[in-house]
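Residue numbers begin at 1 in each chain, while the letters A, B, ... track the order of the sequences. Quantities reported herein were computed from a predicted structural model and do not represent experimental measurements.
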Protein chains: 2
Amino acid sequence: METKIRNMEDFAKASGISRPTISKYFNDPNAVRNTTRERIEQALETYDYRPNIFAMNQNRKLTRNIGVVVPSLADPFFAEIARNVERRCIDAGYQPTLYSAHGNRDQEVEILDSLRSLKPAGLLIAPLGRNSDKAMIEKFSQKVPTVLFDSYLPDIGLSFGGSDNFQFGRLIVDYLCRTGTPPCFFEMQNPANPNANKRRQGYIAAMEALGHAPQVVSVTGEGWNFEEIGRNGGLEVIDSDGFPSDTVLCSNDRLAIGLISACFARKIPVGFEEDSAIRIAGMDDHPFSRFTCPPLTTISQDYEAISKHAVETLFGNLEGDEITDKVVLFEGNLIMRKSA
Amino acid sequence: METKIRNMEDFAKASGISRPTISKYFNDPNAVRNTTRERIEQALETYDYRPNIFAMNQNRKLTRNIGVVVPSLADPFFAEIARNVERRCIDAGYQPTLYSAHGNRDQEVEILDSLRSLKPAGLLIAPLGRNSDKAMIEKFSQKVPTVLFDSYLPDIGLSFGGSDNFQFGRLIVDYLCRTGTPPCFFEMQNPANPNANKRRQGYIAAMEALGHAPQVVSVTGEGWNFEEIGRNGGLEVIDSDGFPSDTVLCSNDRLAIGLISACFARKIPVGFEEDSAIRIAGMDDHPFSRFTCPPLTTISQDYEAISKHAVETLFGNLEGDEITDKVVLFEGNLIMRKSA
DNA sequence: ACCAAAATTTTACGCGCGGAAACTTTTTAA
DNA sequence: TTAAAAAGTTTCCGCGCGTAAAATTTTGGT
């Protein structure tokens with residue numbers, strides 16, 4: 001009992017089972033007979049041995065490492081979806097490692113670069129988008145099974161799963177038109193994320209379908225400080241011409257949070273009530289949008305569905321399944337709150 | 001030139017340098033002569049070889065892995081500080097891996113458990129706090145050099161670096177008393193984080209020093225959904241007795257965000273201006289507190305100083321330095337905005 | 001009880017690198 | 001110039017495990 005278990009051989013001796021069988025067990029507990037598995041697991045509790053992960057991965061053709069890459073962890077949206085993805089990887093018996101590109105192209109490249117040496121079994125990545133080094137991601141995805149989520153890059157990876165951003169526009173434009181003035185669209189001039197373009201297109205199409213003239217208000221600003229951009233841009237618009245409509249649909253919740261802040265600074269009451277001067281809506285159902293003043297009307301992304309698709313597609317592929325859909329889009333739901 | 005470089009031996013041949021010297025170079029580029037280093041680095045560019053990380057770590061007594069553990073990544077405060085810590089690790093030539101306990105004791109334990117097999121050179125951890133399995137963290141810290149940050153656990157790890165939460169109270173209570181009614185203190189009944197206790201104590205001490213009677217308002221709620229707790233708690237207090245003062249100091253910014261939301265729902269104007277009914281202040285300088293309505297007056301934590309202390313203390317110790325201070329506290333700064 | 005199939009054991013080799021020992025070459029300093 | 005120190009080379013072993021092949025044992029169905 002007091003034997004020092006230093007490696008698999010020691011453990012094999014102590015448990016009375018041959019080392020290759022122990023090895024098989026750790027690769028796949030179901031690969032050994034029930035009675036054997038029970039004996040191993042019993043011994044495991046007695047000696048609390050665990051195989052050396054480096055020695056394992058050195059020889060294995062396929063590790064069980066999964067790289068999870070998101071563009072920014074400072075954004076609670078990605079923090080939340082990353083948490084979801086991580087959980088699912090662990091439940092599937094894989095070992096996820098989380099990386100954030102911090103909105104930076106070079107960092108995204110570096111992450112993939114250092115990921116190479118981890119010999120990952122797969123990669124789940126929400127690319128930066130416009131700024132991504134697409135050639136590099138494509139090259140990587142040809143060596144390592146890769147599933148994209150959130151942000152679409154054409155012809156890269158096994159599959160892509162994300163929100164139907166085009167539909168978002170239809171959904172919320174319908175609602176806004178039904179309940180008040182048709183909205184104008186508030187966005188960044190050069191959005192880093194391709195979803196923003198789909199959202200604009202969705203807005204325009206929805207407006208035209210309802211016989212209204214779409215009106216897009218673009219504000220300048222670079223990077224991922226969306227609240228800041230929304231606030232400064234909002235102040236500028238308010239202080240000059242003002243918005244072309246008393247209803248503003250923001251390209252995403254974080255811009256909306258900034259815009260609400262700008263309206264407050266200019267004492268413009270936000271909301272759908274009589275005494276309000278402007279209605280503001282966003283898209284994403286950002287974790288904080290329930291706590292803005294007033295709470296933000298928005299379109300919720302289906303976190304669960306997106307992370308489920310990413311993980312299940314990847315692991316399905318690893319286990320030999322065929323990829324059925326290259327692109328899977330999930331619908332959003334209208335979240336009605338007081339801001340619009 | 002078209003030689004396939006499959007391992008260090010191939011690379012040694014191709015570069016005309018012996019394998020042990022190459023090995024030394026990768027362990028510490030400064031351990032080889034300048035001329036040799038240049039030759040290696042030149043060959044490195046030609047062949048883009050990189051050593052097998054698993055084989056390296058299998059044999060090295062000390063890996064260059066650093067575990068970085070935070071209690072929650074959904075909280076932008078931790079996301080931000082984690083980003084800071086990660087960057088410093090990389091700059092120091094180490095390889096950080098980020099983990100979030102997601103506010104969950106079991107997950108924190110699991111993380112440390114799986115971290116064992118990575119043979120990390122060190123651990124940088126912001127513990128959950130009250131919920132942490134202290135015995136486990138202590139045991140871990142005896143095997144792996146560990147530096148705590150943000151949340152203090154007595155007698156664990158090489159050192160602790162965090163904010164002087166006691167001072168926070170003094171700083172903001174002074175300000176609030178100078179500019180209006182002495183504040184009451186708004187907090188969770190059973191805060192998960194020990195910092196909350198220090199903050200309450202700081203508040204009480206500061207109030208007494210100024211000759212005011214401290215008044216603490218505790219609201220119920222479990223977990224890490226502070227905004228939700230602040231909002232629901234705030235609504236309850238408002239709808240019953242109301243706050244004992246027209247100035248409310250919240251234990252942290254996220255509670256304050258929830259409380260501001262509650263005030264808005266009850267149409268209570270927040271701010272320091274004539275027409276406002278309540279002043280609200282927080283503590284943390286949360287990334288979003290600049291965008292609340294009105295922007296939140298708060299105490300900023302010194303992210304840079306905290307992450308710098310954690311990283312430099314750990315790496316200093318790894319390189320043989322003595323630990324000078326077991327506990328290092330950093331002062332906060334008053335951030336004056338419109339809410340108070 | 002018998003036999004084929006499945007599981008396990010035995011034996012042996014290799015992965016890519018760290019690191020020690022003994023030796024040779026280059027650099028540094030007097 | 002010269003000897004000592006430093007750096008590099010050669011040679012070798014070991015880390016802990018994956019994995020293949022052949023021999024052996026166990027299993028399940030008849």
### Task
Would you mind reading off the distance between A/Arg60 atom CZ and C/dG14 atom C1', rounded to a whole angstrom?
17 Å

Could you tabulate the donor-acceptor pairs under 3.5 Å formed by side-chain atoms of residues 116-123 of chain A, not counting sequence neighbours?
| unit_1 | atom_1 | unit_2 | atom_2 | d |
| --- | --- | --- | --- | --- |
| A/Ser117 | OG | A/Ser114 | O | 2.8 |

### Query
So which heavy atom on A/Phe149 is nearest to which on A/Pro127, and how close?
O-CD, 3.7 Å

### Query
Could you give the CZ-to-P distance, from A/Arg64 to D/dC17, as a whole number of Å?
17 Å

### Query
For the pair made of CZ in B/Arg50 and P in C/dG16, what is the distance, rounded to whole Å?
16 Å

### Message
Does C/dG18 have its OP1 or OP2 closer than 4.0 Å to a side-chain nitrogen or oxygen of B/Ser23?
### Response
yes

## Note on the structure
A/Met8 CE to D/dC15 C1', in whole Å, measures 13 Å

### Task
Apply the test side chain to side chain donor-acceptor pair (under 3.5 Å) to residues A/Arg87 and A/Asn84: give CA-CA distance (whole Å), side-chain angles for both, the deciding distance (0.1 Å), then the verdict.
CA-CA 5 Å; A/Arg87 173 84 262 141; A/Asn84 215 310; over 6 Å; no

### Message
Any donor-acceptor pair under 3.5 Å linking the side-chain atoms of A/Glu41 with those of A/Tyr25?
### Response
yes

Nucleotide N/O of nucleotides 4-9 of chain C paired with protein N/O under 3.5 Å:
| unit_1 | atom_1 | unit_2 | atom_2 | d |
| --- | --- | --- | --- | --- |
| C/dA7 | O4' | A/Arg33 | NH2 | 3.4 |
| C/dA7 | O3' | A/Arg33 | NE | 3.3 |
| C/dA7 | O3' | A/Arg33 | NH2 | 3.4 |
| C/dT8 | OP1 | A/Arg33 | N | 2.9 |
| C/dT8 | OP1 | A/Thr36 | OG1 | 2.4 |
| C/dT9 | OP2 | A/Ser18 | N | 3.1 |
| C/dT9 | OP2 | A/Ser18 | OG | 2.6 |
| C/dT9 | OP2 | A/Thr21 | OG1 | 2.7 |

#### Entry: Integer-rounded Å distance: D/dC17 C1' and A/Asp28 CG
17 Å

### Query
How close or far is atom P of C/dC15 from atom CG of A/Asn59, stated in whole angstroms?
9 Å

Below 3.5 Å, can you tabulate the donor-acceptor pairs from side chains in residues 13-21 of chain B to any protein atom, sequence neighbours excluded?
| unit_1 | atom_1 | unit_2 | atom_2 | d |
| --- | --- | --- | --- | --- |
| B/Ser15 | OG | B/Phe11 | O | 2.9 |
| B/Ser15 | OG | B/Ala12 | O | 3.3 |
| B/Ser18 | OG | B/Thr21 | OG1 | 3.0 |

### Query
Can you check the A/Ile53 CD1 to D/dC15 C1' distance for me, whole Å?
16 Å

### Sugar-phosphate only, base, or nothing, as touched by A/Tyr49 at under 4.0 Å among non-hydrogen atoms
sugar-phosphate

### Query
Rounded to the Å, how far apart are A/Tyr25 OH and D/dC17 P?
15 Å

### Query
Would you say A/Asn7 reaches D/dG16's phosphate, i.e. side-chain N/O to OP1/OP2 under 4.0 Å?
yes

#### Entry: Heavy-atom pair with the smallest gap, counting every atom of A/Phe140 and A/Thr146
CD2-OG1, 4.3 Å

### Query
Quick check: are there more than 12 heavy atoms from other residues, nucleotides or ligands sitting under 6.0 Å from NZ of A/Lys134?
yes

